[in-house]
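Just so you know, residue 1 is the first one in the sequence shown, and it goes up from there.
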Amino acid sequence: MTLPSHAEIVIVGGGIAGCSTAYHLAKMGKTNVLLLEQGKLTSGTTWHAAGLVGQMRPNRNMTQMSKYGIELYASLEAETGLATGWKQCGSVNVARTPERMKVLRKQVAMAHSFGVECHEISPQEAGDKYPIMRTDDLQGAIWLPGDGKANPADLCMSLAKGARNRGVKMVEGVEVTGVIVERGRAVGVQTAQGEVRCEVLVNCAGQWARQFGRLAGVNVPLYSAEHFYIVTGKIAGVHPMLPVMRDPDGYIYYKEEVGGLVMGGFEPQAKPWKMDTIPSTFQFELLDEDWDQFEILMTNAMHRTPCLEAAEIKMLLNGPESFTPDGNFILGEAPELRNYFVCAGFNSAGIANSGGAGRLMAEWIVGGEPSTDLWDVDIRRFGSFTGNRKALAERTGETLGLHYAMRWPRQELETARPLRTSPLYDILASKGAEFGSKNGWERANYFRPGVASSPSPSGGGQGWGPAAPTAAPIPAFPQRGKEQHQERPPYTLDAPGWLPWMIEEQKATREAVALYDQTSFSKYLLQGRDALAVLQRLCANEMDVPIGKMVYTALLNERGGFESDLTVMRQAADRFMIITGSAQTVRDYDWISRHIGEAEHAVLTDVSALYSVLSVMGPKARELLGRVSPDDLSPEALKFSWTKEIDVGFARVRAARMSYVGGPGFELYVPIEMARHVYLALMEAGQPLGLRDAGYYALDALRIEQGRRAWGAELGPDETPWEAGLAYAVKLDKPAAFMGKEALRQAQGQPLRKKLVTLVFETPDAFAWGGEAILFKGESVGEISSVGWSPLAGACVALGYVRGDSANQAHAGTPAQIELWGERVAVTLHDQWPPARR
């Protein structure tokens with residue numbers, strides 16, 4: 001087919017992601033679409049995919065996406081006349097260990113909450129459904145009757161035909177060699193057959209997506225790994241409707257194919273494919289067999305299905321597939337280039353996810369923004385540093401193996417670290433800090449005692465501001481020996497070994513003073529004549545405030561949902577410092593900058609790396625600062641939510657009176673080169689006051705206790721201020737119109753779809769981690785979004801959304817339950833907690 005000189009939308013890549021995107025664009029009325037494939041359709045990774053199709057994903061929106069994909073695959077053959085190989089054979093997931101069985105029970109509860117049919121079954125019942133499986137060492141299993149399998153190549157060709165039937169043009173044998181960029185926008189592509197101009201470009205290039213993205217300066221952080229499965233001859237007892245079976249403790253999966261088995265898996269230590277760049281001629285090709293790499297999977301498979309010992313092994317297939325740094329795929333408009341979209345990086349789950357992902361991409365392209373919260377897969381979660389090839393190769397060796405490995409709560413990835421560090425990193429490490437990683441930043445999660453830490457807090461005292469409530473007694477959790485305190489406690493599903501240490505950090509924050517290094521905050525300067533006008537248009541709160549004032553505000557989309565929540569300091573008439581979450585650096589910068597009009601005089605600059613943030617929290621915070629600063633920090637001189645520049649030691653810093661954890665506190669914005677000096681000055685002066693280093697686990701638990709919302713947990717594009725209980729951060733009557741205002745007006749006073757509540761656990765023995773289903777009157781009504789230990793309650797306290805009738809009822813101690821690892825635990829629901837909010 002001759003290339004046209006123009007198409008409204010050009011899609012690069014003819015695998016299942018590209019064909020699904022084309023199909024859904026056509027269904028939405030976009031027929032002037034051109035798909036270009038460098039080889040033949042499916043010739044990249046689609047043709048050798050295993051074809052397992054499951055419904056369950058880690059959250060509600062992603063699960064709905066997968067459910068839609070299954071509905072599509074079940075109906076596609078009738079629409080196009082091309083077989084897809086779709087069979088709703090169900091799936092069995094088995095557990096070898098008690099810990100894995102707990103995780104499967106949590107999946108059952110989540111499935112019920114998400115509307116997916118899922119049942120816990122016994123080992124014997126699992127064996128009845130999968131007769132060739134050994135079951136004598138199993139703890140149990142779950143059964144998902146709606147899951148199934150498909151033939152990837154046939155499915156892709158059926159999507160392609162559905163797209164063509166609606167007018168999409170698909171041209172094979174065309175390698176795209178360049179992207180035409182004008183005024184920060186993708187406006188066309190270059191090929192050996194000529195140029196094609198367009199309004200929108202979509203990168204669906206699969207494992208080529210990273211190197212194709214680099215042609216236009218777009219970061220698509222993915223990397224290929226060698227990925228294996230065997231294909232057997234016919235095996236007695238194997239039939240077309242044999243369920244898909246997954247044994248994650250053995251890292252393996254199975255599906256039936258032509259009376260035999262396809263058995264593959266995700267070995268704990270993967271083998272990155274040492275090929276960069278990948279040649280365009282790598283089409284319908286495989287890599288060499290590697291039985292040594294496959295050995296652990298084969299050994300576990302012969303244990304689980306002894307029939308493999310005598311089965312004919314037709315081949316060991318080794319086909320490279322791409323993986324991302326966090327194991328989630330990549331969707332959305334590139335922050336570097338307008339009208340350039342990406343749909344790639346499916347981490348060996350492209351067949352299961354591409355049906356729904358293609359629809360989401362089409363909605364995003366046509367509607368200008370996604371119709372639902374896609375933060376987990378949004379391309380803007382990645383900074384440019386994630387494109388480093390050495391780091392990607394090392395991380396891919398880890399993330400592939402984590403697909404089936406036991407994922408413990410708050411388990412941290414270990415490769416390609418440390419990278420982004422605060423000036424205090426080495427000091428905190430020497431004092432026993434155990435670090436986690438957020439957007440590449442190393443952040444102290446907690447401090448191990450017995451290393452070189454500050455003394456314990458001295459208890460109460462005459463601090464300024466209201467006194468903290470008396471904490472409930474701390475339960476006697478198991479203590480580890482002093483020698484073991486030097487080590488990181490092992491991961492667990494139960495109360496963690498670091499809990500007593502974190503509680504001491506919480507006590508210091510509530511009773512004395514604690515210091516948190518929050519340098520990882522994202523920070524921007526918005527400057528210029530029209531800076532205020534931009535903020536007034538984007539922010540739901542009133543931004544025309546006096547110089548020195550801080551404003552907490554929502555950034556809303558047109559649906560009234562949170563695109564972000566952030567704090568803004570007015571530093572001058574035309575200069576504002578914006579503070580937002582560590583993970584949102586690229587996303588929030590993109591959102592704000594794309595809404596600055598071409599005629600507006602306003603410049604947004606990312607200054608995250610220029611300032612450290614040291615949070616001094618607790619009733620003795622002002623007394624501590626008074627020992628290192630001559631400036632007046634009394635409530636009269638520095639009111640709550642105001643800032644001013646002060647001297648600290650030899651440094652000049654900006655002090656903000658505020659506290660994310662509730663109670664008295666200050667945030668110090670310190671030039672990065674002065675951070676070490678300021679920290680040491682505070683530490684020296686704070687010893688008599690019981691100053692203690694504290695980490696993000698304590699910070700997070702205390703903010704949950706005080707009902708402080710976090711973006712990405714309680715707040716997102718699908719939640720409105722009315723639902724989140726943040727009406728105070730919205731000024732509907734401010735003179736300036738703002739994005740989302742009309743949607744909020746229409747929703748005001750209407751029944752809520754969902755409502756954020758606080759859950760207080762009735763027993764100190766139950767320790768939850770988040771994501772647990774909430775049960776009201778025996779029915780699933782939502783999930784926990786955040787949870788932490790509360791010294792005030794003497795038990796866990798959580799935040800979560802309830803839906804349906806419960807969202808429109810008042811809660812002030814309403815009895816309810818959560819599902820915790822298959823057990824029902826009593827909680828009470830509260831619209832506001834603690835009752836006397838500080």
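Aromatic pair Trp273/Phe323: ring centres not closer than 6.0 Å. Aromatic ring centres of Tyr404 and Tyr251: separated by at least 6.0 Å. Taking the six-membered ring wherever Trp is involved, the centroid distance between the rings of Phe284 and His48 does not fall below 6.0 Å.
Ring geometry for Tyr130 versus Tyr254: interplanar angle of 30 to 60°, hence tilted.
Using a cut-off of 4.0 Å between Lys/Arg side-chain N and Asp/Glu carboxylate O, Glu256 and Lys149 are scored as salt-bridged.
The CG atom of Leu72 sits 5.0 Å away from the OH atom of Tyr23 when rounded to the nearest 0.5 Å.
In the displayed structure, Lys102 atom NZ is contacted under 6.0 Å by more than 12 heavy atoms of other residues, nucleotides or ligands. Summarising the local packing, CD of Glu295 is surrounded by 12 or fewer heavy atoms from other residues, nucleotides or ligands at distances under 6.0 Å.
Every pair passing side chain to side chain donor-acceptor pair (under 3.5 Å) that includes a residue from residues 354-364 is listed here, sequence neighbours excluded: Glu363-Ser371.
With Tyr253 as the aromatic partner, Arg246 does not meet the cation-pi criteria of under 6.0 angstrom to the ring centre and within 45 degrees of the ring axis.
In plain terms, the two heavy atoms of Thr492 and Trp769 that are nearest each other are O-CZ2, 3.7 Å.
In this structure, the side chain of Thr399 engages the main chain of Arg395 through a donor-acceptor pair within 3.5 Å.
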